[in-house]
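These notes are about the structure you will find just below.
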Amino acid sequence: MSFHNKVEVKQFEVDIPENSRNTGKVISMTPNIPTKVAEITFDCLKPGDCVWLNSIFHVDKSGSGVVRVNHSILKKNDEIYSAATEVDDFQDDLGQIFSQQTVDVITTLEKDVTYTVVCFADQQDAFLQGPITFTGTRFVEGKKSFKRISNGLLKNVLEFQFSRPPINSNTDEGPISMTPNIPTKVAEITFNCLKPGDCVWLNSIFHVNNDTGLTVTVNHRILKNNNPIYTASTNIEDGGEDNQGQIFPQQFVDVITTLEKDVTYTVVCDTDMPMVNLSGPIILTGTRLVEDRTQFEFNPRPPVNSNTFKTPISTDDLIPTEVATITFDCLKPGDRIWLNSIFHVDNNTTTSSVVTVNHRILKNNDPNPIYNASTEIDFPTRDGQGQIFSQQFVDVITTLEKDVTYTVVCDTDTLLVNLSGPIIFTGTRLVKDK
């Protein structure tokens, strides 16, 4: 499904209850009384609107046993998105990243619409942790309210695509292909016409279950007209550990340099073992930004779109490894800077060590981060390779600021831990029309 004729961002809502690893709230074990993670409200939604929802939060596990965390998005207390993800015990059990994405298509006039991220667990020793961010972007056709602006590239949202229908529950979609040349199709969108200067911002989420009893590798890619433009490989641990409902987020920006028609983007995956299953929720979105009034900033340029990139992660938190940077020339009071990043990490330790990766977003290289998280990675022989680190944050601007730089950085507590691709960092500046 798509929106044409100058789609506008009519409303952008955000809730940031925590931007550091700091909550420690015990997650409810009662499905009917789940733990509230974050909440946003829209005063009025009209037929034809699309509300693009994105959230991120973290979970800690203490004690023995694998914990299963059920995480949902509620709309006026009705579930519209439902996932279930396992967290390991004593291994990669701290700061595990929970990402969500879906699109709510509005068919009738609705007022005072509240979306809430909630979760509950099957054990009492699971804890909600920050950072936590929940955003909602309301798209409408052909009307103006919010402009999307960033440094350098004047862009306007012309088209918003998403896979239809999105799979919004943890439904088992069947076994993943073991043949790289005939991969499993996860989701697909098509643009009729792309022009030089356009940017297509791609975002997807899907889940994977490992029922083999062994560690498996899942290769996941984004194809453009059947040619890969984004390639990643991620381990999932063996059966009985954190092998169910593992979350695979992706983000990429395709910069168009020539006239292209009937362009199809497809998320695909394959694996190296049988009994590895694709699971929901599944969504793929594509936001086409064209040269007009809106700007869109991303880095690295060109983005690292393959898992061939490797560099050691610093073990010194005072001199962290730089992942990606973006810069805005001028920000004004009332602006909101929506930051999104994805990068990957390999644990190559020779002593079968669990490692902790601290990952942050700095503003103007201030050592006090505006976003601060810590996430564990398991042994190299388990799910130590290609682990996905996703971040989301909104910086609300209160004073005039010039030459503002945002930088994703990371450090670790152990040698032989590598930063890996794909890597992408995007920043969207939202300015309310006068």
Side-chain angles (χ1 to χ4, degrees), residues 1-10 48-54 101-106 137-144 146-150 152-167 183-206 220-232 249-269 282-298 301-303 305-306 338 340 342 422 424 426-428:
M1 182 173 180
S2 66
F3 276 167
H4 298 276
N5 302 320
K6 291 189 178 179
V7 177
E8 301 291 344
V9 179
K10 182 70 173 179
D49 291 356
C50 276
V51 181
W52 183 25
L53 302 166
N54 285 271
Q101 181 189 183
T102 193
V103 177
D104 185 24
V105 180
I106 308 303
T137 307
R138 177 186 168 205
F139 288 103
V140 303
E141 284 199 78
K143 298 179 181 179
K144 295 198 307 181
F146 273 89
K147 294 186 293 185
R148 298 162 62 89
I149 305 177
S150 104
L153 293 175
L154 294 175
K155 298 289 173 184
N156 189 42
V157 180
L158 183 66
E159 191 171 355
F160 179 68
Q161 290 267 10
F162 57 97
S163 53
R164 287 289 295 157
I167 296 171
T184 296
K185 181 190 291 186
V186 178
E188 186 173 85
I189 56 177
T190 298
F191 290 85
N192 292 332
C193 184
L194 301 176
K195 298 179 181 180
D198 291 357
C199 281
V200 182
W201 184 25
L202 302 165
N203 285 273
S204 78
I205 275 184
F206 64 95
H220 47 112
R221 303 181 294 284
I222 300 176
L223 309 182
K224 179 181 181 179
N225 294 336
N226 295 319
N227 296 310
I229 59 173
Y230 179 103
T231 301
Q250 298 173 314
Q251 182 187 187
F252 187 70
V253 178
D254 186 23
V255 180
I256 308 303
T257 57
T258 61
L259 179 67
E260 303 181 42
K261 294 187 177 182
D262 299 323
V263 179
T264 297
Y265 297 97
T266 310
V267 175
V268 300
C269 62
I282 298 171
I283 186 74
L284 169 62
T285 63
T287 307
R288 178 184 169 207
L289 299 130
V290 302
E291 292 193 44
D292 187 7
R293 298 181 178 179
T294 304
Q295 304 170 355
F296 181 67
E297 182 68 22
F298 63 95
R301 279 195 164 153
N305 58 7
S306 167
W338 186 18
N340 286 272
I342 278 184
I424 188 72
T426 62
T428 304

Which pairs would a plain distance check flag for residues 255-264, meaning a side-chain donor or acceptor within less than 3.5 Å of a matching protein atom at least two apart in sequence or in another chain?
from	atom 1	to	atom 2	distance (Å)
E260	OE1	K224	NZ	3.0
E260	OE2	K224	NZ	3.2
T264	OG1	T190	OG1	2.9

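Across every non-hydrogen atom of F191 and G286, the tightest pair is CZ-O, 3.6 Å. When all heavy atoms of P228 and R221 are compared, the pair lying nearest together is CB-CD, 4.4 Å.
Side-chain contact between F206 and H220 is present, with heavy atoms from C-beta onward closer than 4.5 Å.
When each of T285, I167, L53, N54 is tested with T102 by the rule side chain to side chain contact (heavy atoms under 4.5 Å, CB included), just one qualifies, namely L53.
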- Could you walk me through whether F139 and V9 pass the side chain to side chain contact (heavy atoms under 4.5 Å, CB included) test, one step at a time? CA-CA 5 Å; F139 288 103; V9 179; 3.8 Å; yes
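Taking CG of L284 as the start and CD1 of I205 as the end, the distance is 11.0 Å to the nearest 0.5 Å. Atoms CD and OG1, on Q250 and T231 in that order, are 9.5 Å from each other to the nearest 0.5 Å. Going from atom CD of Q101 over to atom CD1 of I282 covers 12.5 Å, rounded to the nearest 0.5 Å. Going from atom CZ of R288 over to atom CD1 of I189 covers 12.0 Å, rounded to the nearest 0.5 Å. Atom CG of N226 sits about 6.5 Å away from atom OG1 of T266, to the nearest 0.5 Å. In this structure, SG on C269 lies 12.0 Å from CD1 on I222, to the nearest 0.5 angstrom.
In this structure, the side chain of N305 engages the main chain of I229 through a donor-acceptor pair within 3.5 Å.
With sequence neighbours excluded, no residue forms a side chain to side chain donor-acceptor pair (under 3.5 Å) with Y230.
A tilted orientation is assigned to the rings of F160 and W52, their planes being inclined by 30° to 60°.
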